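Owing to the predicted nature of the structure, the values given are computational and were not obtained by experimental measurement. As a basis for the values below, the full set of heavy atoms in this structure was taken, side chains included, without hydrogen atoms, waters or symmetry mates.
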Amino acid sequence: MDEAFAHLEGNNLRNNKKTEIPPDGGWGYIVCIGVGFTFMLGFGSSNAFGILFNNFFLEQDGASGLPLVIGVYNGALSIAGFLSGIALKKYSFRQVGLVGAGLFVLGDILTIFVQRTYQLVFTFGVIRGAGFGVMIPVSFTAFNCYFTKKRTAMMSANQTMSSMASITFPILVTYLLSEYGFRWTLGLVMAVDLHLIFAMIVMHPVEWHMIKTADCPEIGEDNVVGTKSTSRHESIQKSIIKVIYENVELDLLKDPRFVSTLIGLGFAFVSDVTYLAMEPMLLFSYGYSQMQVATCVMIGAIADLAARFCLAVFTYFYNVDSKKLFFAGTCVTMVLRVALVSSDNLNFVIAITAVSGLVRCSVQVLFPLVLVSAAPDRFPAALALHILFSGFLMLMADPLIGVIYETTGSYINCFLAMSFCCLVCIVLWTVEYFVSRKHSS
């Protein structure tokens, strides 16, 4: 348990003495790679979900099963992410992260043997979703502990790894399905996901790599022992109800600016995640071949990667307003969702998908930075609330999108619903901007 208490001790020492600062590099670069692998394997395989399970859903109950699985997946992700944020107050990054990696891989193993949609809901939706939900707060919190000045640039860099997976996974899955079939492809995906265990192992407590400032005295060893004993004693005395109460931090919801950020990010996130899952199904409905669908998804991922690289380079030299850039990207995304269902011409769809990939960078890369700006000193609690809110939102919205598809038999209204989610964010943040401007004047 020493590793866990190092996480607690470091917080006390920094708050009381402020003798050390985050490395902003060093082992932080290894952590950055670990975070990149987490995003790469978590989001990358999800990007190929529609291609991988298309025939499975057609053999079951049609495309309506896909939104159900995605909704449960994100619901489980939200609850697990919320609990992970609480666990990080007591346990180390690695301890919590390895639990998540274990659940993720277990979900992969059980998914190999599914025969019905309800089984997929449990194995992929509940278990795998919970595993990824546990790892997300670990990754973001560890990253924010290690980086300060280089945070935006390094966030763009490590999420570039997820774009690399998004480029390769659709084509790779298409190839594996044709060569090895559905079950063996699932087995190979599970083997790749085993790398998440190593990604979590490198999440050292930041206290192991802190840099001492030149103008502050060192803290003696008798102080460290005393802090450790006190922390252990206090943690033992805490009841489960008290732990939850202290870590939920609902007082964040008293800040209108944070609430506006939370709701806007949640709706934008719903639109983005649902789009990734349903775009392949839409393209299959256009009559595209499996390779054409994979190519379209890959082109979008390549555009996303290019945008992330450019953003990483630009923000390394210049400061940007993350929220304004996120807002602009959401405005463009709203239009693109509608444009995608306006024509089934292959060249037009490729162009829209490419632009969507470019703009998607603003959502995926910047959302944690927008959240940090809304609650800079309370990021773990803010992230937990974001995951909880957006997850429950998707748990309600995705099955509703399935109902829309079953009722209309068309994907047009489904994508209009995604566009509406973007509109909620745009309207809310526009109102917030003018209200805050009025108060400041």
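With rounding to the nearest 0.5 angstrom, the CZ atom of Phe37 is 12.5 Å from the OG atom of Ser139. One finds the OG1 atom of Thr174 at 12.0 Å from the CZ atom of Phe169 (value rounded to the nearest 0.5 Å). For the atom pair CG of Leu385 and CG of Leu371, the computed distance is 8.5 Å after rounding to the nearest 0.5 Å.
With sequence neighbours left out, Thr185 forms a side-chain hydrogen bond (donor to acceptor under 3.5 Å, both in side chains) with no residue at all.
Two residues are said to be in side-chain contact when any heavy atoms from C-beta on lie closer than 4.5 Å; Ile136 and Thr38 fail this criterion. Side-chain contact between Gln290 and Phe284 is present, with heavy atoms from C-beta onward closer than 4.5 Å. Looking at Trp429 and Val370, their side chains come closer than 4.5 Å, going by heavy atoms from C-beta outward. Contact of the Thr117 side chain with the Phe56 side chain is registered, since non-hydrogen atoms from C-beta on lie closer than 4.5 Å. Put simply, the side chain of Thr168 does not reach to within 4.5 Å of the side chain of Met298, judged on heavy atoms. With contacts defined as side-chain heavy-atom distances shorter than 4.5 Å, the pair Val114/Leu110 does not qualify. The closest side-chain heavy-atom distance from Phe327 to Ile426 is below 4.5 Å. Using a 4.5 Å heavy-atom cutoff, the side chains of Leu366 and Leu311 are in contact.
Not less than 6.0 angstrom separates the ring centroid of Phe93 from the ring centroid of Phe143.
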Residues 118-134 side chain polar contacts: donor-acceptor under 3.5 Å, at least two apart:
| residue | atom | partner | partner atom | Å |
| --- | --- | --- | --- | --- |
| Gln119 | OE1 | Gln115 | N | 2.5 |
| Gln119 | OE1 | Arg116 | N | 3.0 |
| Thr123 | OG1 | Thr111 | OG1 | 3.1 |
| Thr123 | OG1 | Gln119 | O | 3.1 |
| Arg128 | NE | Asp108 | OD1 | 2.6 |
| Arg128 | NH2 | Ser45 | OG | 2.9 |
| Arg128 | NH2 | Asp193 | OD2 | 3.1 |

Would you mind writing out the side-chain donor-acceptor pairs for residues 261-278 within the sub-3.5 Å range, not counting sequence neighbours?
| residue | atom | partner | partner atom | Å |
| --- | --- | --- | --- | --- |
| Thr261 | OG1 | Arg257 | O | 2.9 |
| Thr261 | OG1 | Lys323 | NZ | 3.2 |
| Ser271 | OG | Arg337 | NE | 3.4 |
| Ser271 | OG | Met418 | O | 3.1 |
| Asp272 | OD1 | Arg360 | NE | 3.0 |
| Asp272 | OD2 | Arg360 | NE | 3.3 |
| Asp272 | OD2 | Arg360 | NH2 | 3.4 |
| Asp272 | OD2 | Gln364 | NE2 | 2.5 |
| Thr274 | OG1 | Val270 | O | 2.7 |
| Thr274 | OG1 | Asp398 | OD1 | 2.8 |
| Tyr275 | OH | Glu279 | OE2 | 3.2 |

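Considering every non-hydrogen atom in both Ala101 and Met200, the closest pair reads CB-CG, 4.1 Å.
Annotation for Tyr180: atom OH does not count as buried by contact number, only 12 or fewer foreign heavy atoms lying within 6.0 Å.
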